[in-house]
Amino acid sequence: MEDLWRILEEGDEIPSKSVMFTIDDGFYDHHDVAASIFDDFGFPLNFFVITGLLDRELWPWDDQINYALHHASIPNADIQLPSGEMYSVNLMAGTLRQSARGLRNALKAERQEYIYDWLRAELYQKLDVEFPADIPQEYRPMSWDDARSLRARGHGVYPHTCSHRILSTLSTQAKHHEINTSLSRAKSELGYLPDVFAYPTGRLSDYDSVDIEELKKAGFKMAFNTVSNYVRRGQSQYELSRFSVPEDTAKFLQIVNRFEALNDWRAHHSPLAVNSFPAR
Ligand SMILES: [Zn+2]
């Protein structure tokens with residue numbers, strides 16, 4: 001991460017074959033499984049952690065949706081979204097994964113100020129799911145000790161908000177809290193200034209210019225979104241792109257060897273249409 005900063009800020013040369021890996025949220029297996037694989041290769045991994053998850057105050061709202069749908073006793077229900085709009089959950093139609101994605105997308109567009117209260121009071125109620133008293137095993141976080149151990153082994157650990165709520169849906173006050181409190185929590189636990197950020201879910205519509213200003217004021221020097229693209233010199237340091245690691249290896253290789261850049265270039269440079277050649 002420090003190398004990237006010097007490349008972007010000070011114009012350092014980009015070493016050949018440069019690839020950087022990040023992983024978001026801070027679940028236990030990111031430490032127990034992913035980090036040890038990277039350790040075997042001597043390769044650093046950059047972790048963006050939800051500080052409220054590591055503090056065991058909450059587990060992410062998007063995972064709470066998955067859990068509710070997997071444990072529903074009622075296959076369909078009409079629920080009232082935070083905006084008041086009605087939404088039908090029908091677990092008989094399509095896969096659970098599709099249902100979860102549909103609901104998640106609907107909730108990404110909603111104001112998320114009270115999303116955690118809403119999940120318990122509306123979704124869990126309507127689907128007749130008992131809200132777990134503790135974080136379910138599959139969503140348990142790594143500990144702050146794990147995070148410190150990652151740092152000691154040469155990995156990076158940085159904040160990813162306190163609660164994973166979509167920043168663009170929050171009030172300025174709530175944005176300020178998410179950004180500043182996650183920074184101060186991570187800083188006090190890790191003992192250094194973790195001044196790089198990743199936006200929850202990270203699409204262009206998931207953060208806005210107010211968030212970028214808040215990040216600058218808080219002292220962050222870079223931030224990552226999830227818009228599939230390469231990081232380029234001269235682009236905004238608060239909107240650095242990342243690719244998701246694809247399922248298939250061929251696509252992965254296409255990204256890391258920059259062949260994917262050609263696809264992108266072709267999309268923006270369509271060949272001349274035949275009828276634009278000069279007439280004879
Ligand atoms: Zn995330």
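Basis for what follows: all heavy atoms, side chains included, without hydrogens, waters or symmetry-related copies. Both counts, for ligands and for their atoms, begin at 1 and track the order of listing.
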Short side-chain donor-acceptor distance under 3.5 Å, [Y] and [X]:
X    : Y    : value
S163 : R165 : yes
H30  : D24  : no
R153 : S149 : yes

What N, O or S atom of D25 is found closest to the Zn ion (ligand 1)?
OD1

Tell me which N, O or S atom from H164 is the closest to the Zn ion (ligand 1).
NE2

Using a 4.5 Å cut-off on heavy atoms from C-beta on, say whether the side chain of Y116 contacts that of Q64.
yes

D24 N/O/S atom closer than 2.8 Å to the Zn ion (ligand 1)
no

